[in-house]
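Take a look at the structure below.
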Amino acid sequence: MSEKYEPKHKMDESLFRMRHSLAHVLAEAVLQVRPKAQLGFGPPIRTGFYYDFKLDEPLAESDLPDIEKRMRKIIQEKQEFKREDLPKEQALKKLEGMGQELKVEYAQELLKAGENLSFYSSGPFVDMCEGPHVSDTSKIPLNGFKLDSLAGSYWRGDSHRPMLTRIYGLAFPTENELKEFIKNRELALKRDHRKLGQELELFTFDEHVGKGLPLWLPNGTVIREELEKFAKELEFKDGYVRVATPNIANGELYKLSGHLQLYKEIMFPPMKSLEKDPDSPAEEFYMKPMNCPHHHMIYLNRPRSYRELPLRLAEYGTCYRFEKSGQLAGLLRVRSLSMNDAHLYCTVDQIEEEIKKIVAMQEFYYKKFRLERVWIRLSLHDQDKEKFVDNEELWTKTENMLREVLKELKVEYEEAAGEAAFYGPKLDYQTENVIGREETISTIQLDFTAPERFQLEFTAADGSKQRPLVIHRAPLGTHERFISFLIERFGGAFPSWLSPIQVRIVPVAEDFLPYAEKLSDDLRGQMVRAEVDATTDSFSKKVRNAVTKKIPNIWIVGANEVKDQTVTWRRYAVEKQAQVPAEKAKGMLALMIQQRTMDNFPDVDLPP
RNA sequence: GCUGGCGUAGCUCAGCUGGUAGAGCAGCCGCCUUGUAAGCGGCAGGUCACCGGUUCAAACCCGGUCGCCAGCUCCA
């Protein structure tokens with residue numbers, strides 16, 4: 001029985017029935033081994049189904065095979081799914097009689113909303129459920145499902161409520177589809193940025209430094225810096241100016257910004273100055289969780305005129321957030337993050353134009369990096385006063401503003417209440433990583449809070465003082481997360497312009513080392529990250545080493561190449577290779593790098 | 001933070017019901033001088049995450065801590 005199921009990717013009705021029925025079969029099997037288990041929710045999901053149980057005696061992963069065996073037996077018994085609709089009192093009594101307290105709680109809620117209650121039974125198992133189901137268990141493919149994992153989950157998703165045991169199952173119409181899914185998942189795991197990050201020596205973590213605090217290795221740092229260079233150029237062209245601000249700030253700044261009131265639990269605990277005078281209070285400093293307050297102070301540096309708006313302050317700022325330990329995940333969720341941040345101060349009239357420009361920049365990036373499966377989420381506030389600043393009028397106004405811009409741009413989006421920042425609504429660009437986790441890749445946020453709190457003003461043409469609006473935007477999100485998506489999208493094979501090593505020159509034998517070295521020196525002279533494989537490994541081994549490191553270009557030099565003053569150019573992305581005059585090859589490579597060609601994709605050719 | 005699982009060499013992993021550790025790759029040193037994904041030989045490398053307990057004896061059993069993984073909650 002599902003509380004509410006909103007398929008992100010549509011599931012057809014028969015699949016829904018099958019998965020949903022499997023959840024019931026799972027519950028029936030679990031009740032055989034844990035007769036006192038309380039049932040939570042058991043909905044179909046994108047890859048199968050799950051069911052939540054409150055257990056008197058815990059289950060372990062090692063119990064799953066036995067439960068699965070019992071499920072198969074139930075399926076073979078051809079149990080019929082029968083629906084029964086009961087009046088309120090009778091329904092509640094039935095659930096109470098079954099001793100299903102969680103269901104009773106949920107039923108009471110449903111009844112408050114005036115809904116009728118339906119039950120489905122199959123064999124000895126009865127569950128309050130709105131259906132639909134298959135007609136009988138024989139319609140469930142015996143080999144199309146598999147119990148997958150065991151995990152904890154909170155009852156009603158509330159961390160203050162009891163923790164339940166959730167059993168996940170995979171389910172597909174046929175055994176082949178199940179096998180294919182499992183195979184693809186294993187394949188996807190090979191692209192996991194944590195695995196590739198280690199293999200390609202991009203970044204690491206060390207528990208002495210602290211969890212969630214990535215150390216960028218030389219190779220990873222190249223990627224960060226190339227990305228930054230790219231972003232800085234684009235921002236320059238769009239009229240941004242760069243600023244630099246400290247990593248810490250006095251607590252007073254965050255009182256002013258509202259972070260200490262609404263964001264404190266995500267901030268690192270304060271550092272206190274040692275005051276010699278016991279009467280004067282110690283100063284408190286915080287690691288910055290966001291760059292905005294610093295930027296607002298830069299805005300306030302002197303009076304501003306309407307003539308300088310929009311003022312676009314950009315910084316690759318490092319922020320620190322004390323994320324809960326359980327939610328840290330590789331580079332996807334860290335505690336120190338470098339944001340591709342900027343704050344735009346503009347008039348209400350300029351909002352639309354500015355957001356359009358930012359959206360255009362975003363689209364340009366995603367197209368460039370070929371990030372597919374990206375969708376826009378309009379993140380709105382809800383009535384949670386703990387989470388959002390209390391100003392209904394401005395929320396409505398700014399939310400509508402964003403909606404209008406989206407309509408104007410004719411882009412598709414989904415709305416999500418309760419997902420806004422505490423200071424205003426956002427346009428989040430969502431994507432899925434390799435393990436199917438949905439994450440925000442970048443964000444555009446409208447801020448109506450800061451201008452008030454910081455008393456931001458500009459002098460209008462008529463001499464009056466007016467308030468600007470603030471747009472926060474980070475098209476590349478953070479280095480950490482964005483690079484994790486790139487690693488997974490590219491399977492670790494970066495285009496030449498981003499690649500830590502852009503070309504490895506592999507001599508066929510030692511005799512050709514001088515020629516290789518000469519080429520490498522020339523390339524390094526034109527700022528190309530070239531290196532020579534001067535090991536005494538066999539030629540095959542050298543090729544293998546370059547390929548396993550996913551170096552985008554291998555230049556092979558031997559007797560023929562020396563004689564003709566050429567290189568044999570082998571690209572990582574494509575099978576075929578070509579012999580190219582050395583001088584020409586150097587020019588081509590320089591051009592690819594300068595144009596930021598996405599030559600890690602096989603459909604992209606070398607320049608003519 | 002919570003629930004469950006995991007933690008053996010730089011990496012991937014072996015190590016039976018407790019008898020104080022082993023392979024391949026990587027590294028280093030030789031030999032080989034190589035034409036498109038692993039040439040050959042040798043050497044070195046581990047307080048078995050950490051702390052405590054049980055035991056004649058602990059990588060293995062028990063407790064705690066730290067870290068990692070999945071999920072929940074939360075988020076760039």
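Lettering follows sequence order; numbering is per chain, from 1.
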(Q) What's Lys549(A) touching, base or sugar-phosphate or nothing? Going by heavy atoms closer than 4.0 Å. (A) nothing
Q) Parallel, tilted or perpendicular for Phe490(A) and Phe369(A), by the 30°/60° rule? A) tilted
Q) Mind checking whether Tyr366(A) and Tyr429(A) have parallel, tilted or perpendicular rings, split at 30° and 60°? A) tilted
Q) Within the structure shown, what part of the strands sits under 4.0 Å from Lys211(A) by heavy-atom distance: base, sugar-phosphate, or nothing? A) sugar-phosphate
Q. Of all the nucleotides listed (rA76(B), rU34(B), rC66(B)), which has the minimum atom distance to the side chain of Thr478(A)?
A. rA76(B)
Q.
Any base atoms under 4.0 Å from Met163(A), or only sugar-phosphate, or nothing? Heavy atoms, all strands.
A. base
Q. Side-chain N or O of Arg321(A) less than 4.0 angstrom from OP1 or OP2 on rC75(B)?
A. no
Q) What is the base-pairing partner of rG39(B), counting Watson-Crick and G-U wobble geometry with both distances under 3.5 Å? A) rC31(B)
**Q.** Gln327(A) side-chain proximity, nearest of rG67(B), rU36(B), rU73(B)
**A.** rU73(B)
Q. Which value, in whole Å, describes the distance between the P atoms of nucleotides rC62(B) and rA44(B)?
A. 36 Å
**Q.** Whole-Å distance separating the OH atom of Tyr168(A) from the P atom of rC69(B)
**A.** 17 Å
Q. Between Phe41(A) and Trp155(A), how do the two ring planes meet: parallel, tilted or perpendicular, split at 30° and 60°?
A. parallel
Q: Would you classify Ser325(A) as touching base, sugar-phosphate or nothing, given that sugar-phosphate means primed atoms plus P, OP1 and OP2, and contacts are heavy atoms under 4.0 Å?
A: base
Q. Can you check the Arg377(A) CZ to rA76(B) P distance for me, whole Å?
A. 8 Å
Q | No-hydrogen, no-angle side-chain donor-acceptor test under 3.5 Å, Thr443(A) and Asp428(A) | A | yes
Q) Base, sugar-phosphate, or nothing: which does Arg481(A) touch, judged by heavy atoms less than 4.0 Å apart? A) base
**Q.** Distance, rounded to the nearest Å, where Leu332(A) contributes CG and rC75(B) contributes P
**A.** 15 Å
Q: Could you check which nucleotide pairs with rC13(B) in any of the strands shown, counting Watson-Crick or G-U wobble with both distances under 3.5 Å?
A: rG22(B)
**Q.** Separation of atom CZ in Arg544(A) from atom P in rC25(B), rounded to whole Å
**A.** 11 Å
Q: Indicate, with a heavy-atom threshold strictly under 4.0 Å, whether Ala546(A) touches base, sugar-phosphate, or nothing.
A: nothing
Q) Rounded to whole angstrom units, what separation is found between the CD atom of Glu439(A) and the P atom of rC74(B)? A) 13 Å
Q: Write down the distance separating the C1' atoms in rG10(B) and rA57(B), rounded off to the nearest Å.
A: 32 Å
Q. Within the structure shown, what part of the strands sits under 4.0 Å from Asn560(A) by heavy-atom distance: base, sugar-phosphate, or nothing?
A. base
Q: With P as the reference atom in both, quote the distance from rA26(B) to rG41(B) in angstrom, rounded to an integer.
A: 13 Å
Q. When rounded to the nearest Å, what value does the distance between P atoms of rA59(B) and rU47(B) take?
A. 13 Å
Q: Using atom CG of Leu227(A) as one end and atom P of rA76(B) as the other, report the distance to the nearest whole Å.
A: 20 Å
Q.
Which residues pass the side chain to side chain donor-acceptor pair (under 3.5 Å) test with Arg70(A), not counting sequence neighbours?
A. Gln32(A), Asp66(A)
Q: Indicate, with a heavy-atom threshold strictly under 4.0 Å, whether Glu201(A) touches base, sugar-phosphate, or nothing.
A: nothing
Q) Contact class for Thr568(A) vs. all strands (heavy atom < 4.0 Å): base, sugar-phosphate, or nothing? A) base
Q. Partner of rA70(B) by Watson-Crick or G-U wobble geometry, both contacts under 3.5 Å, or none?
A. rU3(B)
Q. Can you tell me how far C1' of rC29(B) sits from CG of Asp537(A), to the nearest Å?
A. 14 Å
Q) Hey, are Glu315(A) and Lys288(A) close enough for a salt bridge, meaning a charged N less than 4.0 Å from a carboxylate O? A) yes
